[in-house]
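What follows is a single structure, written as C-alpha cells, with notes after it.
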Amino acid sequence: MVAPPMIGLVYVVDDEAAICALLSDTLAQFGFRTESFARADDMLKALDRQVPEACLIDLGLPDMEGMVLINEIRRRTFVPILVLSARSHSSDRVMGLELGADDYVVKPFDPREVVARLRSVLRRAADRPKPADAVRVARFSGHVFDPSSHRLVSPDGEESFLSTGEATLLEALLKAPKRVLSRDYLLEHGGRDESLDRSIDVRVSRLRKKLSGEGGTPLIRTIYGSGYMLTSAVDWS
C-alpha cells in the first residue's frame, strides 16, 4: 500500500501519551504530519518557530489551563484550533468557541471523527482569501480588519487574530453593513458548526467583545426574530 502524500503539520497537545500516539498514527494514515506535546509551554515555543496547519488541544494540561492556551494561540495566529476534551458540558463547548476554537470534540472519541472534523476546519480555512489575492481591508468605526490574515486592529491599536469562523462571520457582516442578515444565512456563510447549534450566537458574542462604537455602543445589533445587523458604515480599500 502506497502511503498518502503528506498534507501538512498538525500540533497535538495532550499529556496522555497514548492519545497522542493514537492521533498521530491515525492522522499519518490520512497524510498529516504531527508533532506531539505534553505541555502547553513546549507547544507555544514550537509555535514561535513554526505555525502548523492546525492544533488539536486537550483542555486538561498539567502546566496551563487549556482555555488559557487557546487564548494564547489566538493572540499570535489564526491557525485552526480543534479542542479535544472530556468536558462534555455545553458551557465548556461554548467557552471554547468563545475563546476562538474552531471546533470541539468530546472524549472518548473515534479518531476518524477527529480527522473528519479537522478536514472540515481546514476546508473552511482554505476558503479564506490568500494575502496575494486579497489586498483590500475593511475600515469601520475606527477598526481595521484584514480578511487575508484574520487580523483585527482596534481603534486604540490593539491587535488580535480571529478564528476562521469568526473571520468569515465578520466578513459577511462587513460586506452587508446596515442590513439584517438572518441566522441561517450567517450559518451558511459563517461556517456551519454541526457540533453546536449555537455557534453563530457564540461567535457574535465573541465579536461584540472585540468591537465597539462611540461610547461603547455595540456595532452588531440583534434584530429579534430576524437576525443580526452591523450598524457601522464600512470602507473597503
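Here, residue 1 is the first one in the sequence, and each next residue gets the next number.
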Would you be so kind as to tabulate the donor-acceptor pairs closer than 3.5 Å made by side chains of residues 38-45, with sequence neighbours excluded?
from, atom 1, to, atom 2, distance (Å)
Asp41, OD2, Lys45, NZ, 3.3

Atom pair OG1 (Thr168) and CG (Leu173), whose distance is rounded to the nearest 0.5 Å:
11.0 Å

Do Val68 and Ile70 sit in one hydrophobic cluster, given that two such residues count as connected whenever their side-chain heavy atoms are within less than 4.5 Å of each other, even indirectly?
yes

Is the backbone of Ser163 close enough, under 3.5 Å, to the side chain of Glu166 for a donor and an acceptor to pair up by distance?
yes

Salt bridge check: are Arg117 and Asp102 linked by an N-O gap of less than 4.0 Å?
no

Under a plain distance cut-off of 3.5 Å, with no hydrogens placed, do Ser182 and Asp184 share a side-chain donor-acceptor pair?
no

Separation between CD (Glu35) and SG (Cys55), nearest 0.5 Å, reads 10.5 Å

Looking at side-chain heavy atoms only, is the closest gap between Phe161 and Val79 below 4.5 Å?
no

Quick one: does Ser120's side chain have a donor or acceptor within less than 3.5 Å of a partner on Ala116's backbone?
no

Can you tell if the side chain of Thr231 reaches within under 4.5 Å of the side chain of Phe140, non-hydrogen atoms only?
no

For Arg74 and Ile81: C-alpha separation, side-chain torsions, deciding distance, then whether side-chain contact (heavy atoms from CB on, under 4.5 Å) applies.
CA-CA 9 Å; Arg74 196 53 72 222; Ile81 298 172; 3.3 Å; yes

Below 30° counts as parallel, above 60° as perpendicular, anything between as tilted: where do the rings of Phe37 and Tyr11 land?
perpendicular

Point-to-point distance, once rounded to the nearest 0.5 Å, from CG of Leu152 to CG of Leu211
6.0 Å

Under 4.5 Å between side-chain heavy atoms, counting indirect links through other Ile/Leu/Val/Met/Phe/Trp/Tyr residues: same cluster for Leu230 and Ile223 or not?
no

Chi angles and distances behind the side-chain contact (heavy atoms from CB on, under 4.5 Å) call for Arg139, Val234:
CA-CA 6 Å; Arg139 293 177 171 83; Val234 180; over 6 Å; no

Say you draw a straight line from OH of Tyr228 to CZ of Arg203; how long is it, rounded to the nearest 0.5 Å?
12.5 Å

Return yes if some donor-acceptor pair links the side-chain N/O of Arg208 with the main-chain N/O of Ile220 below 3.5 Å, else return no.
yes

Apply the test side-chain contact (heavy atoms from CB on, under 4.5 Å) to residues Asp14 and Leu56: give CA-CA distance (whole Å), side-chain angles for both, the deciding distance (0.1 Å), then the verdict.
CA-CA 8 Å; Asp14 198 303; Leu56 307 183; over 6 Å; no

CG on Asp235 to CZ on Arg136, rounded to 0.5 Å:
9.0 Å

Quick one: does Arg151's side chain have a donor or acceptor within less than 3.5 Å of a partner on Thr77's backbone?
no

When clusters are formed by joining ILVMFWY residues with side-chain heavy atoms under 4.5 Å apart, either directly or through shared neighbours, do Met229 and Leu170 land in the same one?
no

Determine whether the side chains of Ser160 and Arg76 contain a donor N or O and an acceptor N or O closer than 3.5 Å.
no

Quick one: are His143 and Pro155 in side-chain contact, heavy atoms under 4.5 Å?
yes

Verify side-chain contact (heavy atoms from CB on, under 4.5 Å) between Leu169 and Val204, making sure each step is shown before the conclusion.
CA-CA 8 Å; Leu169 174 60; Val204 167; 3.8 Å; yes

Could you check if a side-chain atom of Val180 sits within less than 4.5 angstrom of a side-chain atom of Arg221, using non-hydrogen atoms only?
no

Under 4.0 Å between a Lys/Arg side-chain N and an Asp/Glu carboxylate O for Lys107 and Asp58?
yes

Do Leu219 and Ser232 touch side chain to side chain, with heavy atoms closer than 4.5 Å?
yes

Is the shortest heavy-atom distance from the side chain of Ile57 to the side chain of Leu84 under 4.5 Å?
no

Does Leu22 offer a backbone N or O that forms a donor-acceptor pair with the side chain of Thr26 under 3.5 Å?
yes

